[in-house]
Amino acid sequence: MKIGELSRQTGASLRSLRYYEQQKLLAPMRTDNGYREYSPFAVEQVETIRFYLNLGFTTEQIAGFLQCVLQNKEAFCRDVLPVYETKIAELDDQIRLLARIKSNLEDRVRAIMEERGQSSPVRMKGDKRNDSDRDDG
DNA sequence: CTTCTAACA
DNA sequence: TGTTAGTA
């Protein structure tokens, strides 16, 4: 099948399909006119690729175990587990970073609340005092 | 009309 | 990734 049909059957865009090939995740044949020719198996291959992409793996990581996973069961491909562990570790780092940012934001909110607690006049939504110099509305 | 490559808003 | 240009 040609790229258009594969795209329709998998939901992957033409751009993505060509990109997967560039990343060595797919290796379609070429017809005389230079058109890509995919085997019927390309459908499940693309589905597998997208499955791992959705887990957050890079095309490079996927390229490492794709062949094995397409032929055997995931549990029998030794190169897979390390990738999962790496991804989980990265996620932990991101979570720590986000937690730190969140903590800082919460600290600032507290600081603002305290400052208000001592000087009462604070304008809230709906307050009609001195609203003549706004650029919206 | 479909696909190809390369490049850019 | 989308989109687009100019082809084959």
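Note that the structure is predicted; figures quoted are calculated from it, not measured.
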Atom-to-atom span, CZ of A/R18 to C1' of B/dA7 - whole angstrom: 14 Å

Could you state the atom-to-atom distance from CG of A/L17 to P of B/dT3 in whole Å?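 From A/L17 CG to B/dT3 P: 10 Å.
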
By side-chain contact (heavy atoms from CB on, under 4.5 Å), A/I88 pairs with (sequence neighbours left out) A/D92

Say you draw a straight line from CD of A/Q23 to CD1 of A/I62; how long is it, rounded to the nearest 0.5 Å?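 The distance works out to 10.0 Å.
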
Spatial distance of atom CG (A/N72) from atom CZ (A/F65) [nearest 0.5 Å]: 13.0 Å

What range of DNA chain C does chain A touch, first nucleotide to last, counting atoms under 4.0 Å from its heavy atoms?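 Reading along DNA chain C, I get C/dT1 to C/dA8.
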
Going by ring pair (Phe, Tyr, Trp, His ring centres under 6.0 Å), name the pairs with one or both residues in residues 94-114 of chain A, residues two or more places apart or in two chains. none

Which residue pairs pass the ring pair (Phe, Tyr, Trp, His ring centres under 6.0 Å) test with at least one member in residues 20-49 of chain A, sequence neighbours excluded? none

Any donor-acceptor N/O pair, A/S103 side chain to A/A99 backbone, under 3.5 Å: no

Any sub-3.5 Å donor-acceptor pair from A/E37's side-chain atoms to A/M1's backbone N or O? yes

With a cutoff of under 4.5 Å between side-chain heavy atoms, which Ile, Leu, Val, Met, Phe, Trp and Tyr residues group with A/V109? A/M113

Dot-bracket for DNA chain C, please, read 5' to 3', with Watson-Crick or G-U wobble pairs under 3.5 Å on both distances, ( ) within the strand, [ ] crossing, | other strand, . unpaired. .|||||.|

Taking only heavy atoms on the protein side, list every residue of residues 2-16 of chain A lying under 4.0 Å from any atom of DNA chain C, sorted numerically.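 Of all residues in residues 2-16 of chain A, the ones placing a heavy atom under 4.0 Å from DNA chain C are A/S13, A/R15, A/S16.
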
Go through the steps to decide whether A/L91 and A/K87 satisfy the test side chain to side chain contact (heavy atoms under 4.5 Å, CB included), and finish with yes or no. CA-CA 6 Å; A/L91 254 23; A/K87 187 62 190 178; 4.0 Å; yes

Can you run down the salt bridge (charged side-chain N to carboxylate O under 4.0 Å, His left out) pairs that involve residues 10-21 of chain A, sequence neighbours left out, and say none if there aren't any?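 Qualifying pairs: A/E21-A/R30, A/E21-A/R36.
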
Which pairs, with at least one residue in residues 95-106 of chain A and sequence neighbours excluded, count as a salt bridge (charged side-chain N to carboxylate O under 4.0 Å, His left out)? A/D93-A/R96

Output the residues of residues 29-59 of chain A in contact with DNA chain B, where contact means a heavy atom of the residue under 4.0 Å from an atom of the strand; sort by number or write none. A/R30, A/G34, A/Y35, A/R36

Show me, pair by pair, the donor-acceptor contacts under 3.5 angstrom made by side chains of residues 43-53 of chain A, not counting sequence neighbours?
from  : atom 1 : to    : atom 2 : distance (Å)
A/T48 : OG1    : A/E44 : O      : 2.8
A/R50 : NH1    : A/T10 : O      : 2.8
A/Y52 : OH     : A/E74 : OE2    : 2.8

Holding to salt bridge (Lys or Arg N to Asp or Glu O under 4.0 Å), I want the full list of residues that pass it with A/R110, two or more places apart in sequence or in another chain. A/D107

